[in-house]
Amino acid sequence: MISRVKGTQDILPARFTAKPDAQIERWLLVERVAREAFRRYGFEEIRTPIIERTELFERGVGAETDVNKEMYTFEDRDGEMVSLRPESTAPTVRAYSEHGMFNQAGLVKLFYIGPQFRRERPQKGRYRQFWQIGVEVLGQSDEPAIEAEVIEMLYWFLMELGISDTELLINSIGDGACRPAYISALREAIRERLPNLCGSCRQRYETNPLRVLDCKVESCQVHLAELPLISDSLCDACGNHFSEFRRLLDQRGIAYKIEPRLVRGLDYYMRTAFEITGSSLGAQNTLIGGGRYDGLSEILGGQPVKGFGFASGIERLVMSVPESTINLGVNRPELFVACVGADSRDYAFGVARRLRAAGISVIVDLEGRKLKKALAVANSLDAQYSLIIGEDEIKSGSYVLRDMKTGEQTSLRESEIIDTLKYRRL
RNA sequence: GCGAGCAUAGCUCAGUUGGUUAGAGCGCCUGACUGUGGAUCAGGAGGUCACGGGUUCAAGCCCCGUUGCUCGCCCCA
């Protein structure tokens, strides 16, 4: 049998899988709560294509970043290079520009929910096809109020999901005015200590010096403590921006930890960077990551646009949602219709159709089973009620409604059945 | 890209120092019960022991390789 591609997964009704992050009921909950939370803050949904020109990501996320090297890229039949999207900020900014949204008077607040693709080695909480929920605030303003409100919204979102054991990490990574000088100072300081650092630190000194700050090797810690921090090198504009951002978080009572070593992996980030981490996720514990990217639009050849946003991995959210928030029974049928005899089946189709028109979820036994077997199927589907229709019922116009939990049976007409089931819902 | 662990029925797992025809629980099918599910009882189906090679009189078990899954490194959501 042909199996699924490595690093992908099937999302199934919970009764077919014990893996929490593969249960559709959990996914539907996360998506529903996200849409509702974002709606309250004035965000609108956008869907961009899954494939884009490779150039969009090479310029957007940076050609030398890991994300870019992990892309699924191929040559289309006409010779054009296209890629499965590894993230959705660059596509969203592309769409913003391509559809002239910059002509809007105010901020454009967008959110997306969709699959992304990166060819990494799969592990817990990291897949080759993974889903992200993200938001982007685009416009001419870089007010820290935008950032604080987005984070406030995130906390509302997480609270509604019942995810409470989280930590907010924030940092400012500077801008074009102050970051270059900091990076060269950092590189200089690392070089002096290079012989004392571990192998991967030496590697990162070459590829991404900011990452050296993040090393977890014990023997490196004492040397890392001596390295300069970006927070000491921020220009006035970045420093003011960061303190205003913090003031607005304080005002909202949102706790945070300043993490001077927090860096984003993609080239387009500047100034505010943040991350929300969760427990019980294993090594991949970042639930949400985001930041400011004021230069991105111009890198892509568009108008100057300021932007702030985040992305969150749905798999990781789903794994973090506690059992108590989930209703695994959302899909259970309200009514199972069992028929006695082939003639009554034809009759039952009409009854079922009218009950469905009234809004009730109905499964009819299409297999012509004996009553005993039909009820067994109703039981395994966890139907709330069964409806038994045979010759006697057709004659009288009243059908036997059986409560599958108590076994209690009553003879009811169609309108009474509708009333009973609707009443039960309240 | 690098490292480690695991792979036996649909699912969760036993399987002794290598020894006859590979087991259990759950699930599935049939019946006890011709218009009444769940509980009980009786019976049944279902296996290339991941794949390929090797050692041996003999391999689910030992050795090598491959593939897959899982976890970690890197990096990230």
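Lettering of chains follows the sequences in order, A, B, ..., and the numbering in each one begins at 1.
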Cation-pi check, R246(A) to F242(A): give yes when NZ or CZ is under 6.0 Å from the six-membered ring centre and within 45° of the ring axis, no otherwise. yes
Euclidean distance, atom [atom1] of residue [X] to atom [atom2] of [N] [Å, nearest integer]:
{"X": "R118(A)", "N": "C75(B)", "atom1": "CZ", "atom2": "P", "answer": "14 Å"}
{"X": "E167(A)", "N": "A77(B)", "atom1": "CD", "atom2": "C1'", "answer": "18 Å"}
{"X": "K124(A)", "N": "C69(B)", "atom1": "NZ", "atom2": "C1'", "answer": "14 Å"}

Mark yes or no for a side-chain to base donor-acceptor pair under 3.5 Å between [X] and [N], with no hydrogen or angle criteria applied.
{"X": "E275(A)", "N": "A77(B)", "value": "no"}
{"X": "R126(A)", "N": "C74(B)", "value": "yes"}
{"X": "R402(A)", "N": "G37(B)", "value": "yes"}

Select base, sugar-phosphate, or nothing to describe what [X] touches, counting heavy atoms under 4.0 Å on all strands.
{"X": "Q409(A)", "result": "base"}
{"X": "A311(A)", "result": "sugar-phosphate"}
{"X": "E393(A)", "result": "base"}
{"X": "G134(A)", "result": "nothing"}
{"X": "I314(A)", "result": "nothing"}
{"X": "Y127(A)", "result": "base"}

No-hydrogen, no-angle side-chain donor-acceptor test under 3.5 Å, S88(A) and Q116(A): yes
Test item: side-chain donor near acceptor, Q129(A) and T8(A), under 3.5 Å: no
Using 30° and 60° as the class boundaries, would you call the ring planes of W27(A) and W131(A) parallel, tilted or perpendicular? perpendicular
Is there a side-chain contact between [X] and the phosphate of [N], meaning an N or O under 4.0 Å from OP1 or OP2?
{"X": "K373(A)", "N": "U30(B)", "value": "yes"}
{"X": "Q284(A)", "N": "A77(B)", "value": "no"}
{"X": "K6(A)", "N": "C69(B)", "value": "yes"}
{"X": "K372(A)", "N": "U36(B)", "value": "no"}

Choose from A77(B), C71(B), C2(B) the nucleotide whose nearest atom is closest to any side-chain atom of R316(A). A77(B)
Say you pick atom P in U17(B) and the same atom in C63(B); how far apart are they, in whole Å?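 Their P atoms lie roughly 15 Å apart.
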Measuring only the P atom in each nucleotide, how far is G54(B) from G47(B)? A whole number of Å is fine.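 The answer is 27 Å between these two P atoms.
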Would you call E36(A) and R32(A) a salt bridge, taking side-chain N to carboxylate O under 4.0 Å as the test? no
